[in-house]
Structures are given as structure tokens and as C-alpha cells.
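The first residue of the sequence shown is numbered 1, and numbering continues consecutively from there. Source: prediction; values computed, not measured.
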Amino acid sequence: MRSRVLNRRIARRLIAHHLPIALIATAGAVLLSVTRPHADLISRLSFATAYPALALLAVTLLIGPWTLLRKLPNPTSNDLRRDFGIWAGIVGVVHAVIGQCVHLRGRPWLYYVYGRQEHHHTFPIRHDLFGLANYTGLFSVILLAALFATSNDFSLRVLGTPRWKRLQRWNYAVFALAAVHAIGYFAIEKQEFPFIVLVGALLGIAIALQAAGFMLRYKDSR
């Protein structure tokens, strides 16, 4: 009986969540790729996966507060939020892997340390804007991969609800680091204004809804 219920739940999530999310993310990535002026495929794919990954990550932060504002139950593990998080993890990791090949072909370590031609730096770890953008992106995707790996019922049972919930709250750090990464690359690549507005809107909406959810929880706890 339990197995049958679990199978129905998985089937429902595949049809109602994973398929639409995958189609929307893929369509967005394809649209961004074919409309970019970049001459090579790697640069287009890096750009095309960056914005869907950030958008999917933002949605994971919107679902909880939106549920609270609608006065609906907000369980510890929400299947919709979890499934958006899974796809944010998939697209984010793909973007990170491709991104290592864009600016310094064949020398990805130079994203994080200075090369010999930059020997005037006594401290070898990159501490310029390029380094900030890359390190925040790296830490963001490492945390995202950890959240992706534990976004399942097995991890919830093994870790227990309090520990699992504390781990999942690192999603806020993932989003903050991804935001710094995106803003850093705006300056590095002199990004077009519409994409700056898009990221600004994602950040603004996520912060506003999170603040509204926090105020509602604070009000209810009094």
C-alpha cells in the first residue's frame, strides 16, 4: 500500500512538476542561446544556463512566503519547492561546469589564482572583481550541489526534520552568493540593461516576499 502511494506521488511530481519545469527551463535556455551574439557555443551555453538557474533558485525562495501569505499550510518539505530546487541544482551545476571554459580556455584554475604573467601579486589567490565573481559562484554551486543531493525523503529521514531544515536554509546563502556572482559578471562583461533589470527584479521580488513572510511569522508568533 505504501509503495503504491509513493509511486503515485512520484508519478504526479514527474507530470505536474518536473516535466513543466524542465520544458520551461530548456525553452528559456534555448531562447537565450539562439539570440546571443556570441560566436562560440560554449559562451552561448554559459550565458543561456545562468539566468534559468538563478530564476529557478529565486522560485524556491518565493514558494514558502507565498504559501504563508495565502494562509495555507507550509510543510517542512514542500514537493513543489523541492522539485524547483532539484532543477535549480541541475541547471546551476551545468552552468558552473560550462562556465569554467569561457574566459580562460583550458586553464580554469586561473579563475581563482593569478597566473605567472600576473606575478606582481604577492598573494596568489585572486582578490579582484573577477576573483570575487568566480569564488562566489563556486561556493554557491558547491552549496547548491549539497542541497540538491539531500532534496529527497531518504535524507529527510536520516538527518531528521530539524537538521534537514537547517541544511536546507543554506538556500539563502546560495541565492546571496549567486546574486553577487551575477552582479560581478555584469561589471566584467558589461551586460545589457534588460538582463540587469531581470536579475534586479528576481532579487527584489525574492527579498520582498521573504520579508513579508518573515513579518507574518513574527506577527503570528506574538
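- For Thr26 (side chain) and Ala22 (main-chain N/O), a donor-acceptor pair under 3.5 Å exists by modelled atom type.
- For the atom pair Leu202 CG and Leu61 CG, the distance stands at 10.5 Å (nearest 0.5 Å).
- For Phe130 and Tyr111, the ring centers sit closer than 6.0 Å to each other.
- When the side chains of ILVMFWY residues are joined at heavy-atom separations under 4.5 Å, either directly or via intervening members, Ile63 and Phe175 end up in two distinct hydrophobic clusters.
- Shortest non-hydrogen contact noted between Val199 and Phe186 is CG2-CZ, 3.4 Å.
- Both Phe148 and Val91 sit in one connected hydrophobic cluster of ILVMFWY residues. Membership requires side-chain heavy atoms under 4.5 Å apart, directly or through other members.
- Other residues, nucleotides and ligands contribute only 12 or fewer heavy atoms inside 6.0 Å of the CZ atom of Phe214.
- Side-chain atoms of Ile86 and His17, non-hydrogen and from C-beta on, never get closer than 4.5 Å to each other.
- Judged by distance alone, the side chains of Asn171 and Thr60 do bring a donor and an acceptor atom under 3.5 Å apart.
- Cluster annotation: Val180 is connected to Ile196 through the hydrophobic network of ILVMFWY side chains, with a link wherever side-chain heavy atoms come within less than 4.5 Å.
- Residues Gln100 and Leu138 form no side-chain contact, since every pair of their non-hydrogen atoms from C-beta on lies 4.5 Å or further apart.
- Smallest separation of non-hydrogen atoms from Leu57 and Leu144: CD1-CD1, 4.1 Å.
- Atom CH2 of Trp164 has more than 12 heavy atoms from other residues, nucleotides or ligands within 6.0 Å.
- Remark: Phe195 CZ to Leu54 CG distance equals 13.0 Å, nearest 0.5 Å.
- A 6.0 Å sphere centred on CZ of Arg163 holds no more than 12 heavy atoms belonging to other residues, nucleotides or ligands.
- Nearest heavy-atom pair across Gln210 and Tyr172 is OE1-CE2, 3.2 Å.
- Contact of the Arg81 side chain with the Thr67 side chain is not registered, since no non-hydrogen atoms from C-beta on lie closer than 4.5 Å.
- Across all non-hydrogen atoms, the minimal contact from Ser46 to Ile98 is N-CG2, 3.7 Å.
- In this structure, the separation between CG on Leu167 and CG on Leu156 is 11.0 Å, given to the nearest 0.5 Å.
- Following chains of ILVMFWY side-chain contacts shorter than 4.5 Å, one cannot reach Ile90 starting from Val93, and the two form parts of different hydrophobic clusters.
- Note that CZ of Arg126 is 6.5 Å distant from CG of Leu110, once rounded to the nearest 0.5 Å.
- Here OG1 of Thr35 is found 10.0 Å from CZ of Arg44. Values are rounded to the nearest 0.5 Å.
- Using a distance-only test at 3.5 Å, with no hydrogens or angles considered, a donor-acceptor pair links the side chain of Thr136 to the main chain of Leu132.
- Side-chain rings of Tyr114 and His127 approach one another, their centers coming within less than 6.0 Å.
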Evaluate the criterion side-chain contact (heavy atoms from CB on, under 4.5 Å) for residue pair Met215 and Leu68; output intermediate values, then yes/no. CA-CA 11 Å; Met215 293 300 296; Leu68 288 174; over 6 Å; no
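- Residues Thr49 and Leu45 approach most closely at OG1-O, 2.8 Å, considering heavy atoms.
- Side-chain contact between Tyr135 and Leu177 is absent, with no heavy atoms from C-beta onward closer than 4.5 Å.
- Linking Ile, Leu, Val, Met, Phe, Trp and Tyr residues whenever their side-chain heavy atoms come within less than 4.5 Å leaves Leu209 and Leu56 in two separate clusters.
- The line from CD of Gln168 to CZ of Arg82 is 8.0 Å long, rounded to the nearest 0.5 Å.
- Taking each heavy atom of Val102 and Ser43 in turn, the nearest pair found is CG1-OG, 3.8 Å.
- Contact check for His103 versus Asn134: no side-chain heavy atoms found under the 4.5 Å cut-off.
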